[in-house]
Amino acid sequence: MVANKRIPFIGANWKMYLMPNQVIPYIEAIKHNIPRPSEAQVMIAASPLYLWPLLEHAKQSDVIIGAENCDYHDTGAYTGEVSPKALAEAGVTYSIAGHSERRHYFDEDDEVVNKKVHALLRNNIKPIVCCDETLVRTETHDGVHWVVSQVIAAFKDVSDKDALKMMIAYEPRWAIGTGITASAAEAEEGCALIRQTISRIYSPAIADAVRVLYGGSVTPKNVKALMEQPDIDGVLVGSASLDPNEFLNLIHY
Ligand code: PGA
């Protein structure tokens, strides 16, 4: 039996923006002002430097602390990388994998993203896989194929049971950090396509249960229209998550 209630998910992705003195005031400002987890889940994905203090300060609250990235080995001689096993032992329960900036600036390809998915799953961390449409859509009108192939690659060798632990985010690069949001209809088109792809790989029941997110210039102003779309179960928010008050406005759209 697959439960099909898709609880809305609102994730902040701080990227490399916030400085140490901003982190504790931020978590303190939001931690008791978010919806109950049965209504919506709220995550902050932060640099590894901040995860430990965030986890400490998020205790006794419903804020989920996530990683922005990790390595696909559990331990070893990989200087500068972050171990998914260590993340799990520290209490991290979600991690982004394959964000557009990782794919673009750090050459992460579909195979690496799939390895990260497996590393996270074996360490009981739920992967949030980002599918980047790049500029392909606008330049060649072939964005559709691009998104589908990334979804298929991310789920390679992932069991039905583990697929249910994953979230997929539709994140067209032309909308990330540019202030150009996909319209609600464009975002819905991308998210619906991802759900159809999951349905084809697994089953309609699994596709109905997996949460699909949209990311790219989401703000307190446009979030409602996005969240009203049938296939958009949540959002990943960069710029508009950097100020706690703006993020709270967005959460309480
Ligand atoms: P943005 O970033 O909200 O600044 O466009 C979104 C993301 O990278 O997930």
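We count ligands from 1, going down the list as the structure has it; atoms in each ligand are counted the same way. Keep in mind it's a predicted model, so treat the numbers as computed, not measured.
- Between H73 and E81, the side chains place no donor N or O within less than 3.5 Å of an acceptor N or O (distance only, hydrogens not considered).
- Contact annotation: S217 has at least one heavy atom less than 4.0 Å from an atom of ligand 1.
- Side chains of K116 and N69: a donor on one and an acceptor on the other come within 3.5 Å.
- When only non-hydrogen protein atoms are considered, atom 4 (O) of ligand 1 lies nearest to S239 OG, 2.7 Å.
- A salt bridge links E108 to R102: at least one charged side-chain nitrogen sits closer than 4.0 Å to a carboxylate oxygen.
- Nearest to atom 9 (O) of ligand 1 among the protein's heavy atoms is E171 OE2, 2.9 Å.
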(request) List the steps, then state whether side-chain contact (heavy atoms from CB on, under 4.5 Å) holds for Y26 with S241. (result) CA-CA 10 Å; Y26 187 117; S241 76; 4.2 Å; yes
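- For atom 2 (O) of ligand 1, the nearest non-hydrogen atom of the protein is K15 NZ, 3.2 Å.
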(request) For side-chain contact (heavy atoms from CB on, under 4.5 Å), just list the numbers for L213 and I168, CA-CA rounded to whole Å, side-chain angles, deciding distance to a tenth of an Å, and then say yes or no. (result) CA-CA 6 Å; L213 317 178; I168 303 290; over 6 Å; no
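- Inclusion of E101 in the set of residues having an N or O under 3.5 Å from an N or O of ligand 1 is not warranted.
- Under 4.0 angstrom from ligand 1, the non-hydrogen atoms of A175 all belong to its backbone.
- Ligand 1 has no atom lying under 4.0 Å from any heavy atom of G11.
- Taking a cut-off of under 4.0 Å to the non-hydrogen atoms of H99, the atoms of ligand 1 that pass are 7 (C), 8 (O), 9 (O).
- When only non-hydrogen protein atoms are considered, atom 3 (O) of ligand 1 lies nearest to G238 N, 2.8 Å.
- Donor-acceptor pairing under 3.5 Å is recorded for the side chains of R211 and Q41.
- Centroid-to-centroid, the aromatic rings of F9 and Y94 come within less than 6.0 Å.
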